[in-house]
Asks: 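Before anything else, here's the structure in question.
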Protein chains: 2
Amino acid sequence: METHPKDSNRTYSIRQLSKEFDVTARALRFYEDKGLISPQRKGQTRLYSPRDRARLQLILRGKRLGFSLVEIHEILDLYTPKDHGAAQMRATLHKYRGQIETLKRQREDIDAAIKDMVEGCVWLEGQINELESETSN
Amino acid sequence: METHPKDSNRTYSIRQLSKEFDVTARALRFYEDKGLISPQRKGQTRLYSPRDRARLQLILRGKRLGFSLVEIHEILDLYTPKDHGAAQMRATLHKYRGQIETLKRQREDIDAAIKDMVEGCVWLEGQINELESETSN
DNA sequence: ACATAACTTTACGTTGACGTAAATGTAAGA
DNA sequence: TCTTACATTTACGTCAACGTAAAGTTATGT
C-alpha cells in the first residue's frame, strides 16, 4: 500500500478539484493568480494538496457569503498561522473579532430575510386555502 | 398639522435616501433603471415614498447577503403581492420555499465561518497568554 | 509513431455594478 | 437677476471575476 486510502500526502489534479466543487479550471488558476491558493508543481502542472483543497472550500464558502476575492484573501490569512510578536498577534486577534462581528451582522440579515419569507409563505398558503374553500362551496 | 410626524404620505428626495443609507444617487438611479424601484415624479425629480424606502432597505440587505441585482429583483417580486389564480400562487409559494432553503444553506455557511473564527480567536488568545507568562518568568 | 486527452501560458472579451464627466433644468436665497 | 445647490439625462469609463480562443507542452494508450 503505497498510498493508503486516507493519505494526507495525496494530490488532486486541477480537473479533479474543478469537478468536485463545480468550478472551472480557469477559476482555480485565477484564484492562484490572486494569491488565494498556491499548489505545488510537478514540472508545469499543478498538484493540489489536501490543504489546498481545504483552502478552496473556504474560498467557495466566502463566495457564497458574498465576499470579494480580496476579502476572502484577508480571511484566508487568518487561517494561515503566522508566528510573530505579541503586537502582531493582538492585531490579528482584532481582525478575528472584526470578522466575527461582520458575520454576526450578516446572520441577523439572514434571519430577518428568512422570517420575511416564512411569513409570506404562511400568508400565501392562507390565500390558497381560501380559494380552495370558495370553490368547494 | 398638514404632515404630521409619522405620515405615510411623506416623501424623500434622492439625496435624503442616499445619505441615510450611504449609497450614491447614481446607485439609486441605477436600481431604478434595473426595475428594482420606481419612485414617483414631480416633474422630472424623483420622490421616494416610505414604501420605496422599504424596498431600498430590502435591496441593500440583499446586497449585503451577496445577491446580484437580478436575484434581488426576483426576491422583491415575492414581496409585491400579485393577485392571480391558484396555479400562479402555487408557483410563487414554490419560489418562497426555494428562497428559504437558499437562505438556510447560507446560514449554515455563516455559522460554520463564525465557529472557525471563534476557535481561531480562542487559540490566538492562548498563544498570547503563553508569550506573556514567558516574559513574566 | 501518432493521435488523443489533459495540462500549460498569453491575451483579449464579457458581464455586472456602478463611477464620472458633460450638458442641461429648476427652485431658493442674496 | 444672478448665483448656488441639487436635480436630470446621456454616455463613456472602470474594476472585479472570470470566459474564451489560440498556441504550445506532456503523458498515455494503441
Side-chain angles (χ1 to χ4, degrees), chain A residues 2-3 10-49 52-53 55-77 102 106 109, chain B residues 2-3 10-49 52-53 55-77 102 106 109:
Chain A
E2 283 233 49
T3 63
R10 71 159 296 187
T11 63
Y12 306 83
S13 80
I14 195 168
R15 287 291 153 185
Q16 281 179 318
L17 271 193
S18 68
K19 286 205 171 187
E20 178 175 1
F21 294 105
D22 196 35
V23 293
T24 65
R26 176 68 178 92
L28 294 182
R29 298 195 189 99
F30 186 75
Y31 298 152
E32 183 174 349
D33 226 53
K34 297 296 170 181
L36 297 185
I37 199 170
S38 313
Q40 295 177 336
R41 300 287 183 119
K42 173 190 158 198
Q44 285 273 70
T45 85
R46 284 161 245 259
L47 290 182
Y48 294 85
S49 70
D52 293 325
R53 202 188 93 113
R55 276 181 84 88
L56 178 57
Q57 284 184 321
L58 290 175
I59 293 170
L60 298 179
R61 188 168 76 186
K63 293 216 72 188
R64 286 194 301 272
L65 294 179
F67 292 106
S68 74
L69 293 189
V70 172
E71 290 169 327
I72 292 174
H73 191 285
E74 293 166 1
I75 295 173
L76 285 175
D77 282 347
T102 300
Q106 216 169 339
D109 274 331
Chain B
E2 283 231 50
T3 64
R10 71 159 296 187
T11 63
Y12 305 83
S13 79
I14 195 168
R15 287 292 152 184
Q16 280 180 318
L17 272 193
S18 68
K19 285 204 171 185
E20 178 176 1
F21 294 106
D22 197 36
V23 294
T24 65
R26 176 68 177 94
L28 293 182
R29 297 194 190 100
F30 186 75
Y31 298 154
E32 184 174 348
D33 225 54
K34 296 298 171 183
L36 297 185
I37 199 170
S38 314
Q40 295 177 337
R41 299 289 181 118
K42 173 189 155 196
Q44 285 273 69
T45 84
R46 283 160 246 259
L47 289 183
Y48 294 85
S49 71
D52 292 326
R53 203 189 91 113
R55 276 181 85 88
L56 178 56
Q57 283 184 322
L58 290 175
I59 292 171
L60 298 180
R61 188 169 75 187
K63 294 217 70 187
R64 287 195 299 272
L65 294 178
F67 292 106
S68 74
L69 293 189
V70 172
E71 289 169 328
I72 292 174
H73 191 285
E74 293 167 0
I75 295 173
L76 285 176
D77 281 348
T102 301
Q106 216 169 340
D109 273 331

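Just so we're on the same page: letters track the sequence lines, and every chain starts at 1.
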Asks: OH/A:Tyr31 to CG/A:Leu60 distance, rounded to the nearest 0.5 angstrom?
Replies: 6.0 Å
Asks: Would you kindly give the NZ-to-C1' distance between B:Lys34 and C:dA17, to the nearest whole Å?
Replies: 8 Å
Asks: Can you check whether A:Arg26 has a side-chain N or O nearer than 4.0 Å to OP1 or OP2 of D:dT20?
Replies: no
Asks: Starting at CZ of B:Phe30 and ending at C1' of D:dT8, how long is that distance when rounded to a whole Å?
Replies: 18 Å
Asks: For the side chain of B:Gln44, starting at C-beta, report the closest nucleotide among C:dT8, D:dA11, D:dT8.
Replies: D:dT8
Asks: Look up atom CG in A:Asp33 and atom CG in A:Leu28, then write down how far apart they are to the nearest 0.5 Å.
Replies: 12.0 Å
Asks: Would you say A:Thr45 places a side-chain N or O within less than 4.0 Å of OP1 or OP2 belonging to D:dA27?
Replies: no
Asks: Could you work out which one of D:dA17, C:dT8, D:dA7 sits closest to the side chain of A:Leu69?
Replies: D:dA17
Asks: Looking only at side-chain N and O atoms, does B:Thr24 come under 4.0 Å of OP1 or OP2 in C:dG19?
Replies: yes
Asks: Just to verify, which of B:Arg61, B:Gln106, B:Arg64 counts as forming a side chain to side chain donor-acceptor pair (under 3.5 Å) with A:Asp109?
Replies: B:Arg64
Asks: So, does B:Arg46 get its side chain near the phosphate of D:dT8, meaning an N or O under 4.0 Å from OP1 or OP2?
Replies: yes
Asks: Starting at CZ of B:Arg41 and ending at C1' of C:dG25, how long is that distance when rounded to a whole Å?
Replies: 13 Å
Asks: Is there a donor and acceptor pair, one atom on the side chain of B:Arg29 and one on the base of D:dT9, closer than 3.5 Å?
Replies: no
Asks: Within this structure, what is the CD1-to-P distance between B:Ile14 and C:dT26, rounded to whole angstrom?
Replies: 17 Å
Asks: Closer to the 5' end of DNA chain C via nearest nucleotide, is it B:Lys42 or B:Phe67?
Replies: B:Phe67
Asks: How close or far is atom P of D:dC18 from atom CG of A:Asp22, stated in whole angstroms?
Replies: 13 Å
Asks: Tell me the interatomic distance from B:Gln40, atom CD, to D:dT8, atom P, rounded to whole angstroms.
Replies: 14 Å
Asks: Using a 4.0 Å heavy-atom cut-off, does A:Lys63 contact any base of the nucleic acid, only the sugar-phosphate backbone, or nothing at all?
Replies: sugar-phosphate
Asks: Quickly work out the B:Leu28 CG to D:dA7 C1' distance and round it to whole Å.
Replies: 13 Å
Asks: What is the distance, rounded to the nearest whole Å, between atom CG of B:Asp33 and atom P of D:dT8?
Replies: 13 Å
Asks: Can you measure from CZ (B:Arg46) to CG (B:Asp52) and round to the nearest 0.5 angstrom?
Replies: 11.5 Å
Asks: Would B:Arg10 count as a cation-pi partner of B:Tyr12, with NZ or CZ less than 6.0 Å from the six-membered ring centre and within 45° of the ring normal?
Replies: yes
Asks: Please determine whether a side-chain nitrogen or oxygen atom of A:Tyr31 lies at a distance below 4.0 Å from atom OP1 or OP2 of D:dA17.
Replies: no
